[in-house]
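Notes for the one structure printed next.
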Amino acid sequence: MKLFLDTADIEEIRTVHRWGVLDGVTTNPTLFGKTKGMTYDEVLQEICGITSGPVSAEVVAEDVEGMLTEGRHFAKLADNIVVKVPMSETGLEAISRLKAEGIRTNCTLVFTANQGLLAAKAGASLLSPFVGRVDDINEEGMTVVRELAEIIRFYEYDSEVLTASVRHPRHITEAALAGSHIATLPFKVFQQMVHHPLTDKGIVQFKRDWEAARAAADERAKASARA
Ligand code: G3P
């Protein structure tokens with residue numbers, strides 16, 4: 001399973017890249033809004049310089065021609081850019097036309113398996129069901145991931161399911177078990193995946209025991225030197 005970072009924060013991307021577990025990055029206008037001092041293009045180029053995996057750049061135009069203009073512009077910034085297009089009637093048309101031009105797309109704001117199926121048929125490389133936002137309205141977000149992953153495999157579409165709107169580490173385990181090809185997660189969830197209270201406690205305990213053993217060995221060495 002591939003893991004993407006859902007952020008536009010360069011330091012977070014550098015950190016997870018150093019861990020050796022970063023397969024790509026997804027950004028959106030909200031995440032870009034949290035960065036300071038750089039244009040969206042500059043942020044995207046910097047990210048593409050860190051990871052060679054897919055980097056999603058989201059269009060904001062609502063009409064097809066506007067989406068195409070923004071998409072073509074993003075695609076020229078780096079080879080690994082994937083154009084993020086929202087699920088809509090115009091979005092589907094833009095996805096299909098970008099596909100014809102050889103530009104990869106990520107269909108975002110997917111909330112039903114039917115929306116994902118349409119995006120796959122239009123030629124989107126990535127399909128992004130938003131699990132957390134569905135959970136937020138008291139429904140089961142992971143159901144969409146499970147259904148969509150099954151449909152994609154059954155009909156052997158080229159698209160990959162990218163679980164998005166991840167809120168906690170359990171979402172990642174569930175997405176993996178549901179057959180999601182990819183999940184994109186905030187930096188905090190990456191950290192939560194690393195840590196476990198018993199792991200952290202165990203590291204402290206091993207260090208303490210090692211130091212005690214070393215001190216005892218030093219004492220024994222000194223005693224035998226004196227003898
Ligand atoms: O990449 C978009 C998606 O992950 C949004 O997440 O937390 O705003 O629902 P969230």
Side-chain angles (χ1 to χ4, degrees), residues 1-13 15-17 21-35 40 43-44 46-48 50-51 53-62 67 70-71 74 77-78 80-88 91 94-95 98 104-113 115-116 119-120 124-146 148-149 159-176 178 180-193:
M1 188 194 196
K2 286 173 271 189
L3 297 178
F4 291 2
L5 247 176
D6 199 21
T7 188
D9 185 305
I10 303 296
E11 282 318 308
E12 290 179 353
I13 295 164
T15 301
V16 179
H17 177 67
V21 296
L22 185 68
D23 297 304
V25 174
T26 50
T27 70
N28 62 36
T30 309
L31 296 170
F32 168 64
K34 293 180 186 165
T35 65
Y40 192 32
V43 169
L44 291 168
E46 183 108 17
I47 297 171
C48 289
I50 300 168
T51 178
V55 175
S56 291
E58 185 156 344
V59 301
V60 289
E62 290 172 40
M67 288 177 178
E70 289 177 32
F74 290 143
L77 294 176
N80 50 334
I81 287 280
V82 175
V83 179
K84 211 172 181 187
V85 179
M87 165 50 61
S88 64
I95 287 167
L98 289 167
R104 287 183 296 165
T105 54
N106 170 358
C107 184
T108 191
L109 290 165
V110 168
F111 290 93
T112 67
Q115 289 179 318
S125 314
L126 306 174
L127 316 169
S128 291
F130 276 30
V131 293
R133 292 191 196 185
V134 175
D135 289 354
D136 289 345
I137 58 161
N138 201 28
E139 288 177 22
E140 177 61 57
M142 208 50 74
T143 302
V144 182
V145 173
R146 197 171 303 107
L148 192 50
S159 319
E160 292 182 294
V161 177
L162 193 175
T163 300
S165 185
V166 163
R167 301 274 195 267
H168 50 72
R170 190 66 207 162
H171 272 153
I172 303 304
T173 309
E174 287 168 5
S180 186
H181 306 83
I182 313 164
T184 188
L185 44 149
F187 181 64
K188 183 177 159 232
V189 178
F190 259 108
Q191 289 180 307
Q192 288 173 320
M193 285 174 73

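For ligands, and for the atoms within them, numbers begin at 1 and follow the listed sequence. All figures in this text were calculated on a predicted structure; none of them were measured in a lab.
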Checklist entry - When rounded to the nearest 0.5 angstrom, what is the spacing between CZ in Phe190 and CG in Leu22? => result 6.0 Å
Quick check for students: name every N or O atom pair between ligand 1 and the protein closer than 3.5 Å, with distances.
unit_1: ligand 1; atom_1: 1 (O); unit_2: Asp6; atom_2: OD1; d: 2.8
unit_1: ligand 1; atom_1: 1 (O); unit_2: Asp6; atom_2: OD2; d: 3.3
unit_1: ligand 1; atom_1: 1 (O); unit_2: Lys84; atom_2: NZ; d: 3.2
unit_1: ligand 1; atom_1: 4 (O); unit_2: Asp6; atom_2: OD2; d: 2.5
unit_1: ligand 1; atom_1: 4 (O); unit_2: Ser165; atom_2: N; d: 2.8
unit_1: ligand 1; atom_1: 7 (O); unit_2: Arg167; atom_2: NH1; d: 2.6
unit_1: ligand 1; atom_1: 8 (O); unit_2: Arg133; atom_2: NH2; d: 2.8
unit_1: ligand 1; atom_1: 9 (O); unit_2: Arg133; atom_2: NE; d: 2.6
unit_1: ligand 1; atom_1: 9 (O); unit_2: Ser165; atom_2: OG; d: 2.7
unit_1: ligand 1; atom_1: 9 (O); unit_2: Arg167; atom_2: NH1; d: 3.1

Show me the side-chain donor-acceptor pairs of residues 125-140 shorter than 3.5 Å, one per line, residues at least two apart or across chains.
unit_1: Ser128; atom_1: OG; unit_2: Asn106; atom_2: OD1; d: 2.7
unit_1: Asp135; atom_1: OD1; unit_2: Gly141; atom_2: N; d: 2.8
unit_1: Asp135; atom_1: OD2; unit_2: His171; atom_2: NE2; d: 2.7
unit_1: Asp136; atom_1: OD2; unit_2: Arg167; atom_2: NH2; d: 2.6

Next on the checklist: Please list all pairs meeting salt bridge (Lys or Arg N to Asp or Glu O under 4.0 Å) that have one or both residues in residues 21-30, counting only residues at least two apart or in different chains.
Outcome noted: none
Next on the checklist: Tell me if a side-chain donor or acceptor on Glu70 pairs with a main-chain N or O of Ala61 at a distance below 3.5 Å.
Outcome noted: yes
Which side-chain N or O atoms in residues 25-32 pair as donor and acceptor under 3.5 Å with protein atoms at least two apart or in another chain?
unit_1: Thr26; atom_1: OG1; unit_2: Asp6; atom_2: OD1; d: 2.7
unit_1: Thr26; atom_1: OG1; unit_2: Thr184; atom_2: OG1; d: 2.6
unit_1: Thr27; atom_1: OG1; unit_2: Tyr40; atom_2: OH; d: 2.6
unit_1: Thr27; atom_1: OG1; unit_2: Ser56; atom_2: O; d: 2.7
unit_1: Asn28; atom_1: OD1; unit_2: Thr30; atom_2: N; d: 3.0
unit_1: Asn28; atom_1: OD1; unit_2: Leu31; atom_2: N; d: 2.7

Checklist entry - Between Gln192 and His168, is there a donor-acceptor pair closer than 3.5 Å when you use the side chain of the first and the backbone of the second? => result no
